2 protein chains.
Amino acid sequence: MVETTRRREIEDVASELFREHGYSGTSVRDIARALDIQGASLYAHVASKQDVLWSIVDRTASQFEAAADAALADLGDAEPMARLRALALAHVGVVVEDIGRASVFIHEWRSLSPERRARTLTRRDAYEQRFRDVIREGIVAGTFAPIDPTVAAAYLLTALNGLVAWYQPDGRLGPSSVTDAYVELSIRAVSGAAADEAS
Amino acid sequence: MVETTRRREIEDVASELFREHGYSGTSVRDIARALDIQGASLYAHVASKQDVLWSIVDRTASQFEAAADAALADLGDAEPMARLRALALAHVGVVVEDIGRASVFIHEWRSLSPERRARTLTRRDAYEQRFRDVIREGIVAGTFAPIDPTVAAAYLLTALNGLVAWYQPDGRLGPSSVTDAYVELSIRAVSGAAADEAS
DNA sequence: GCTGGTGCCTAACGAACGTTAGGTTGGAGC
DNA sequence: GCTCCAACCTAACGTTCGTTAGGCACCAGC
């Protein structure tokens with residue numbers, strides 16, 4: 001049950017299967033088949049199926065947090081737009097780097113046990129709070145349009161997370177061009193004065 | 001197996017359960033329990049579990065299409081920004097009106113049988129094409145920033161769809177204020193000239 | 001007062017589920 | 001040459017899955 005190469009392989013193929021068919025839609029024997037071993041053999045490496053999900057979610061949560069920390073570290077008190085840009089860039093970076101794990105983190109936390117689920121939601125909320133804060137500061141500074149920071153942050157994060165729904169690492173669009181476009185779209189969404197156009 | 005009130009009730013509770021636990025994570029007996037009947041009794045009303053999912057997805061797909069049709073009908077050749085605004089408003093409208101069914105349509109199409117899945121994806125692509133088209137026109141007209149219309153349309157649609165991840169019909173935010181904010185954020189994301197800011 | 005249909009029941013089916021127990025293999029270290 | 005350990009095996013467990021079969025209660029229409 002310790003951290004070995006094999007254990008990591010299991011989480012990798014499990015991420016991909018969970019992403020495609022969901023946690024409930026993936027059986028232990030499915031994961032084993034992808035590794036060319038028997039279902040029961042998996043239990044030499046993991047304590048339970050739930051344990052595999054938890055490892056993936058927990059590790060990916062840490063990656064998102066670390067990326068945000070690093071992004072903000074070297075521009076401490078820069079203006080809100082630069083900080084939001086850095087946050088968005090870091091977020092998309094984690095998603096693009098390992099789309100399987102990111103997808104599981106984003107969608108499959110519902111399948112966690114109640115306690116782990118609650119703990120994960122708390123972390124997610126703290127993470128989202130960084131976005132809310134910088135958006136609020138930007139509004140106060142007049143850089144961003146006056147929109148409820150909670151709604152704006154939710155909009156931006158789900159938009160960035162939406163990448164996992166369609167992005168293919170070996171598709172026609174390279175990771176950097178998609179990343180740039182996503183960051184630019186996000187910045188522009190919250191920028192500027194209030195639009196006074198009637199619908 | 002014909003369309004009755006009871007059949008509709010089944011789809012309603014199934015939508016909510018599929019939304020919360022996914023298609024695979026919801027058993028026929030779960031659906032029955034929510035209706036206070038036995039699992040086997042459901043089969044007096046539906047042909048199969050898959051059949052319930054298909055009804056929900058199929059009907060919701062039609063709702064999105066009809067809403068888009070209606071939105072564009074009365075402003076045929078208006079300028080791109082007005083058309084995109086109408087499309088976004090219509091989309092969010094369908095989502096907010098029945099968030100359970102919308103959530104299932106958006107996330108659970110993977111659990112459809114291969115043939116139905118393919119058919120649904122084709123419809124989705126045609127729907128998304130409307131967004132791509134109007135975005136392309138807006139870029140040509142100079143109203144929108146020059147971003148790959150495919151990326152921009154995917155960004156916008158997943159952002160709007162992201163509403164199902166957090167919106168609660170009886171939460172502190174009313175449907176109209178959230179809808180307005182979402183439309184405004186979306187319009188601004190694609191509007192304007194190219195941002196020439198370095199990251 | 002019989003008929004038909006709707007809506008539900010219990011009982012059961014074979015298959016698949018997550019998981020446990022106990023055993024075999026093969027290579028590394030002393 | 002023996003020990004150890006990681007990695008895998010087969011067999012089986014109790015449970016839950018989607019689904020079928022057959023039957024009963026109620027109510028409307030003739």
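Predicted model, so just to flag it, every value in this text is computed and none were measured. In what follows, chains are A, B, ... by sequence order, proteins preceding strands, each numbered from 1.
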Checklist entry - Whole-Å distance between D:dT19 P and B:Ile31 CD1? => result 10 Å
Item to check | Residue mapping more 5' on DNA chain D - nearest nucleotide basis, A:Arg29 or A:Gln38 | outcome: A:Gln38
Checklist outcome for this item: Which of D:dT10, C:dC8, D:dT20 is nearest the side chain of A:Ala40? It is D:dT10
Checklist entry - So does A:Asp98 pair up with A:Arg59, basic N to acidic O under 4.0 Å? => result no
Item to check | Out of C:dC8, D:dT19, C:dT19, whichever nucleotide has its closest atom nearest the side chain of A:Lys49 | outcome: C:dT19
Item to check | A:Asp133/A:Arg83 salt bridge by N-O under 4.0 Å criterion | outcome: no
Checklist entry - Between B:Arg7 (CZ) and C:dG5 (P), how many Å, whole number? => result 20 Å
Checklist entry - Between atom CZ in B:Arg33 and atom P in C:dC9, what is the gap in whole Å? => result 13 Å
Checklist outcome for this item: Atom CD of A:Gln50 and atom C1' of C:dT19 are separated, to the nearest Å, by 14 Å
Checklist entry - OP1 or OP2 of C:dC17 sitting under 4.0 Å from any side-chain N/O of A:Ser27? => result yes
Checklist entry - Between D:dC8 atom P and A:Leu35 atom CG, what is the distance in whole Å? => result 8 Å
Item to check | Interatomic distance, A:Tyr43 OH vs C:dG18 P [rounded to whole Å] | outcome: 7 Å
Checklist entry - Between A:Arg110 and B:His21, is any pair of side-chain heavy atoms under 4.5 Å apart? => result no
Checklist entry - Within the pair B:His45 and C:dC8, is there a side-chain N or O less than 4.0 Å away from OP1 or OP2? => result yes
Checklist entry - When all nucleic acid strands are considered with a 4.0 Å heavy-atom cut-off, which category describes A:Ser41: base, sugar-phosphate, or nothing? => result base
Checklist entry - Between B:Ile37 (CD1) and D:dA25 (C1'), how many Å, whole number? => result 16 Å
Next on the checklist: OP1 or OP2 of C:dC8 versus the side-chain N and O atoms of B:Arg6: is any pair under 4.0 Å?
Outcome noted: yes
Checklist entry - Is any side-chain N of the basic residue among A:Arg123 and A:Asp58 closer than 4.0 Å to the acidic one's carboxylate O? => result yes
Next on the checklist: Distance check needed: C:dC17 C1' versus A:Tyr23 OH, whole Å only.
Outcome noted: 12 Å
Checklist entry - Is any side-chain heavy atom of A:Phe105 less than 4.5 Å from a side-chain heavy atom of A:Arg124? => result yes
Checklist entry - Looking for any heavy atom pair under 4.0 Å, which part of the strands does B:Ser24 touch: base, sugar-phosphate only, or nothing? => result nothing
